[in-house]
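Numbered from 1 within each chain, the chains take letters A, B, ... in sequence-line order. Quick note: numbers below take in every heavy atom, side chains included, and nothing from hydrogens, waters or symmetry partners. Keep in mind it's a predicted model, so treat the numbers as computed, not measured.
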2 protein chains.
Amino acid sequence: MSLQLRPGQALKLWHDSVLDLVHLDESGLTVRQLSILLTVYLELPPHTVRGVAQKLKVTKPVITRALDSLGRLELVARRRDPADKRNVLIQRTVKGALFVEKLGDFMVSRAQTLPS
Amino acid sequence: MSLQLRPGQALKLWHDSVLDLVHLDESGLTVRQLSILLTVYLELPPHTVRGVAQKLKVTKPVITRALDSLGRLELVARRRDPADKRNVLIQRTVKGALFVEKLGDFMVSRAQTLPS
DNA sequence: CTCGATTGTTACGCAACCGATATAGAGCAG
DNA sequence: CTGCTCTATATCGGTTGCGTAACAATCGAG
């Protein structure tokens, strides 16, 4: 089953949710950082720097720097891959999980207030 | 009529849409800039610097700088208010309208591919 | 073991953003 | 006109992000 959504609804939903995110902004997140965060929390592990870089179509240093920032905020963590020590595994954190969960709740409640 | 959306669906929809946005990224938009852009195009004019600043709960210089950037990208335009020349009216542009429209289309098509 | 390939990080120069403060221009009450 | 308020912008120092290029660590084929 697919979700039917008209452009006007979609944009309003995005607008409202982004506004919530800006208000929640203890962080100063970039669109890229947000994208990385959601990728790590929504797609199946394991996540490597290279893999995420390909997914976002950006260079690896971009991911490294974003992980520095997200790590400082404790929204994600890094760990060396024991199997192949060249790899870095991007891991979830409690704080990050709560943050993402809050984002989802915002969007759900915003969706309920959309005009038909 | 409200739109029923489960948290998992909402987050996946956001993830997919943000990913599209990052790919479309000729711009390097900030979450704040995106928020301003959507506000200008979705809410009723007129939009002033002060008004948008209140809406986003940020200071006015933040809006001024964001308008500099968005103006450089031709996504919005500025005009002095003839009635009260202290005000600056934030106006829409063709390029900005197309950009926002594209965002809406992305989200609509992403919504259709959501699992139920 | 050796060497090329792969992974992630760091270094560098540059541009953009931030918060806070100061400033310039316009309105408005008296 | 005078002074006070309001608007938006300019300025300052500091922080952060970017792209490119170099780098160290690790793997794996031969």
**Prompt:** Touch check for A83(B), heavy atoms < 4.0 angstrom, all strands: base, sugar-phosphate only, or nothing?
**Reply:**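 It contacts sugar-phosphate atoms only.
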Given atom [atom1] of [X] and atom [atom2] of [N], what is their separation to the nearest angstrom?
| X | N | atom1 | atom2 | value |
| --- | --- | --- | --- | --- |
| R80(B) | dG25(C) | CZ | C1' | 8 Å |
| R50(A) | dC27(D) | CZ | P | 17 Å |
| L73(B) | dA16(C) | CG | P | 10 Å |
| R86(B) | dA24(C) | CZ | C1' | 13 Å |
| K60(A) | dA21(D) | NZ | C1' | 13 Å |

**Prompt:** Do M107(B) and L11(A) come within less than 4.5 Å of each other through their side chains, counting heavy atoms only?
**Reply:**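 Side chain of M107(B) against side chain of L11(A), heavy atoms only: no contact under 4.5 Å found.
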**Item:** Nearest-nucleotide 5' precedence on DNA chain C, S69(B) against V88(A)
**Value:**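 Whichever sits nearer the 5' end wins; that is V88(A).
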**Request:** Please report the C-alpha distance between E43(A) and K55(A) in whole Å, then the side-chain angles of each, then the deciding distance to 0.1 Å, and finally whether the side-chain contact (heavy atoms from CB on, under 4.5 Å) criterion is met.
**Result:** CA-CA 11 Å; E43(A) 304 202 353; K55(A) 184 107 38 189; 2.7 Å; yes
From the list [options], which nucleotide is the closest neighbour of the side chain of [X]?
| X | options | value |
| --- | --- | --- |
| R78(A) | dT7(D), dT9(C), dG27(C) | dT9(C) |
| T64(A) | dC18(D), dG8(C), dT26(D) | dG8(C) |
| V49(B) | dC27(D), dA26(C), dA8(D) | dA8(D) |

**Side-chain donor/acceptor of R65(A) to base of dG8(C), under 3.5 Å** =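 When only heavy-atom distances are counted, R65(A) does not reach the base of dG8(C) through any donor-acceptor pair under 3.5 Å.
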With respect to the phosphate group of [N], does any side-chain polar atom (N or O) of [X] fall under 4.0 Å of OP1 or OP2?
| X | N | result |
| --- | --- | --- |
| N87(A) | dT26(D) | no |
| R72(B) | dA15(C) | no |
| Q33(B) | dA16(C) | no |

**Asked** Between K12(B) and D16(B), is there a salt bridge with N-O shorter than 4.0 Å?
**Response**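 Between K12(B) and D16(B) there is a salt bridge, with a charged N closer than 4.0 Å to a carboxylate O.
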